[in-house]
Amino acid sequence: MRCSIGTRMGAQQNLVLSETTLQAKKHLSSMGWVFWYAQKNGRQELRYQSPQGKVYYTLKAACKGYIDETSGAEGGGGMAVAVAVAADLEPKKPLKRKSVTQENPAFPKSLPFKSLQPPKRVKKVRKQENQAKVIKRASIRIREDPVPNSSHRNPRTVLSWLIDNNAVSILAKVYYRNKAGNPLMRGRITRTGIQCDCCFRVFALTAFEAHAGSTNHRPAANIILDDGSGRSLSDCQRQVHDSMMTIPTSAKKDDLNPHGCDDVCSACCDGGELICCDRCPSAFHVNCVGLKEVPHGDWFCPSCCCGICCIGTVSDDDNFLACQQCECKFLIGCLKLKESNELAGKNNWFCSHSCENIFSGLRNLTGKPILVGNNLTWTLLKSKASSNGDGLDSCAENHRKLNIALDVMHECFEPSKDSYTGRDLVEAVIFSQGSNLKRLNFKGFYIAVLEENDDLVSVATIRVHGDIVAEMSLVATRFSHRRRGMCRALVDELEKNLAKLGVQKLILPAVPAAVDTWVNGFGFSHMTGDERSKLLQYTLLDFQGSIMCQKPLKTEL
């Protein structure tokens with residue numbers, strides 16, 4: 001009973017102290033004080049600047065400085081709160097209890113109730129030294145040659161995809177219809193396009209539509225199978241899409257780990273001795289999150305803490321808002337200190353104007369083929385599972401291109417499975433699959449594809465973390481189209497459009513064999529440890545053995 005009473009009293013005291021701290025910050029802000037963050041040892045620390053320009057490193061020191069500067073000229077609740085915070089945050093002498101002082105001699109006297117709780121060090125740390133095999137982060141390996149007997153030489157077009165999924169057959173008769181439903185041009189299906197019956201030339205779908213004299217710009221919807229079924233190519237795409245959606249999938253494995261927390265560090269993606277977050281399944285090395293030792297009591301990872309105060313935890317949907325673009329979370333109380341407008345209950349909220357502009361800019365690009373050069377177009381795609389639904393034809397077309405993009409990735413990379421969930425990482429990224437585990441939450445990924453005459457030849461995955469950085473985790477070009485500048489054309493378009501959106505830096509995890517190409521051919525450079533530590537607040541997709549490279553973008557905003 002003593003333990004449960006002490007726990008409740010300790011929680012009540014922490015709650016009172018948190019409320020007092022929030023009131024003190026509100027009062028200082030109302031009196032013209034400015035709060036800002038500074039980098040120290042790879043971590044962000046809050047600074048308090050008085051109207052006279054003097055900077056304080058702790059809230060306690062700021063409150064004392066405020067009291068000294070006002071010299072008792074101001075009374076009322078604000079002064080009382082400042083005095084209370086200065087007193088509550090004053091370090092006390094350690095307790096003289098053996099069980100506490102031997103464990104932590106600097107334990108504050110103001111929190112005696114913690115002594116009734118068992119230390120959480122052993123419970124919190126996850127050790128792998130007794131396991132037969134130490135868990136490592138997922139690796140990604142480039143295929144040196146195509147898989148023998150594979151279809152890597154076949155074009156990756158809509159017709160090829162429909163043929164492989166038994167929706168249409170090779171040399172099946174088709175015709176292009178006009179608005180009245182009458183045939184304008186007839187032909188036969190091949191993997192590369194439609195072979196016209198009148199001239200025997202093979203046309204891509206859009207070219208066959210133009211050859212038929214139509215300007216509808218909807219070739220898949222107006223090319224009809226001449227088998228009496230009346231099905232269009234769009235109907236065939238929806239048929240394959242629906243069949244794939246009904247295939248039973250394996251159970252979600254986010255919460256199936258028997259240990260309850262991740263096997264690898266969410267920062268460096270390596271295993272070892274890890275500290276587990278008390279709010280989510282994420283785990284970290286102590287030094288990867290800037291700690292010198294395992295903290296006593298509850299500890300929460302950066303993703304579970306407020307992006308402003310870095311202290312308060314985001315525990316439910318009522319006390320925080322999450323940015324729709326960068327996915328950072330903020331306590332509503334801290335946001336009200338920073339912004340004067342009403343925030344509670346706001347949908348599609350953004351932490352900054354830059355995030356809002358990036359979000360709308362990406363959505364405006366999504367699903368719209370953009371001409372790059374002769375017979376070349378690039379398109380930005382997003383899995384409909386995590387974006388607003390459009391028409392059935394658009395959804396089926398989007399799903400078809402994502403599946404072909406996955407085939408291209410599998411042609412170029414060997415399979416890579418995560419140790420925690422066992423799922424294919426490449427597939428999870430392509431289809432923007434989410435997860436309770438931050439490092440496996442890929443909802444923010446977009447897929448950029450480059451097509452030549454409707455043949456998908458190059459793919460890149462992109463995720464934008466606000467205006468600070470974007471990551472291009474996977475890039476692949478089909479073997480049959482390499483050394484033709486396809487990858488450069490796609491990357492150049494991505495860099496140009498990211499710069500227009502105001503993104504400052506593009507990074508990627510390069511396999512050692514490709515580092516020279518990215519550095520000498522594309523203008524990237526190696527990231528130093530200090531440069532990487534400044535991005536700890538962002539969860540980046542990395543692979544074992546890869547080398548993180550970066551490239552500054554010339555922003556236009």
Q: Indicate the ring-plane relationship of Phe431 and His399, choosing parallel, tilted or perpendicular according to the 30° and 60° boundaries.
A: tilted
Q. Between Trp518 and Phe522, how do the two ring planes meet: parallel, tilted or perpendicular, split at 30° and 60°?
A. tilted
Residue pair [X] / [Y]: nearest heavy atoms and the distance that separates them:
X      : Y      : result
Val449 : Ala405 : CG1-CB, 4.2 Å
Phe479 : Glu411 : N-OE2, 3.1 Å
Cys549 : Met527 : C-CG, 4.0 Å
Leu541 : Ser473 : CB-OG, 3.6 Å
Ser232 : Ile224 : CB-CD1, 3.6 Å
Val475 : Cys487 : CG1-SG, 3.7 Å

Got [X] and [Y] here, is their nearest side-chain heavy-atom distance under 4.5 Å?
X      : Y      : value
Asp455 : Arg478 : yes
Cys199 : His211 : yes
Ser234 : Arg238 : yes
Thr157 : Thr192 : no
Asn222 : Leu233 : no
Leu225 : Cys236 : yes
Arg156 : Asp407 : yes
Asp467 : Gln504 : yes

Spell out, as yes or no, whether a donor-acceptor pair under 3.5 Å connects the side chain of [X] to the backbone of [Y].
X      : Y      : answer
Thr461 : Leu474 : yes
Asn178 : Ala180 : yes
Asn357 : His353 : yes
Thr366 : Leu362 : yes
Thr377 : Pro369 : no
Glu531 : Thr528 : yes
Asp227 : Ser229 : yes

Q. Yes or no on side-chain contact (heavy atoms from CB on, under 4.5 Å) for Val469 and Val503, after CA distance, side-chain angles and deciding distance?
A. CA-CA 6 Å; Val469 65; Val503 180; 5.8 Å; no
Can you tell me how far the [atom1] atom of [X] sits from the [atom2] atom of [Y], to the nearest 0.5 Å?
X      : Y      : atom1 : atom2 : value
Ser354 : Leu501 : OG    : CG    : 10.5 Å
Lys417 : Leu425 : NZ    : CG    : 10.5 Å
Ser383 : Asn398 : OG    : CG    : 7.0 Å
Leu535 : Ile468 : CG    : CD1   : 8.5 Å
Ile189 : Ser169 : CD1   : OG    : 6.5 Å
Lys500 : Ile358 : NZ    : CD1   : 15.0 Å

Q: Any salt bridge (Lys or Arg N to Asp or Glu O under 4.0 Å) involving residues 176-190? Give me the pairs, sequence neighbours left out, ordered by first then second residue.
A: Arg186-Asp226
Taking [X] first and then [Y], would you say they form a salt bridge - that is, a charged N and a carboxylate O separated by under 4.0 Å?
X      : Y      : result
Arg191 : Asp164 : yes
Asp262 : Arg439 : yes
Lys443 : Glu327 : no
Asp197 : Lys173 : no
Arg484 : Glu452 : yes
Lys551 : Glu495 : yes

Applying ring-ring contact (aromatic ring centres under 6.0 Å, His included), can you list everything that pairs with [X], at least two apart in sequence or on another chain?
X      : value
Tyr175 : none
Tyr446 : none
His285 : none

Q) For Thr477 and Ser458, what are the C-alpha separation, side-chain angles and deciding distance, and is it a side chain to side chain donor-acceptor pair (under 3.5 Å)? A) CA-CA 4 Å; Thr477 301; Ser458 191; 3.0 Å; yes
Q) When you look at Phe203 and Gln195, which way does the side-chain contact (heavy atoms from CB on, under 4.5 Å) test go after all the steps? A) CA-CA 6 Å; Phe203 295 91; Gln195 186 180 45; over 6 Å; no
(Q) Using the rule given for side-chain contact (heavy atoms from CB on, under 4.5 Å), can you reason through Leu380 versus Ile462, listing the C-alpha separation, both sets of side-chain angles and the distance that settles it, and then say yes or no? (A) CA-CA 9 Å; Leu380 193 66; Ile462 193 78; 4.2 Å; yes
Q.
Under the criterion side chain to side chain donor-acceptor pair (under 3.5 Å), I'd like the reasoning laid out for Gln237 against Glu397: C-alpha separation, chi angles, the key distance, then a yes or no.
A. CA-CA 7 Å; Gln237 290 186 67; Glu397 174 75 6; 3.3 Å; yes
Q: Can you run down the ring pair (Phe, Tyr, Trp, His ring centres under 6.0 Å) pairs that involve residues 455-478, sequence neighbours left out, and say none if there aren't any?
A: His465-Tyr538
Q: Could you pull out all residues at least two apart from Ser360 that satisfy side-chain contact (heavy atoms from CB on, under 4.5 Å)?
A: none
Q: For atom CG of Asn374, decide whether the heavy atoms of other residues, nucleotides or ligands shown that lie under 6.0 angstrom number more than 12.
A: no
Q: Report the C-alpha distance between Ile194 and Leu205 in whole Å, list the side-chain angles of each, state the deciding distance to 0.1 Å, and finish with yes or no for side-chain contact (heavy atoms from CB on, under 4.5 Å).
A: CA-CA 7 Å; Ile194 305 294; Leu205 297 188; 3.9 Å; yes
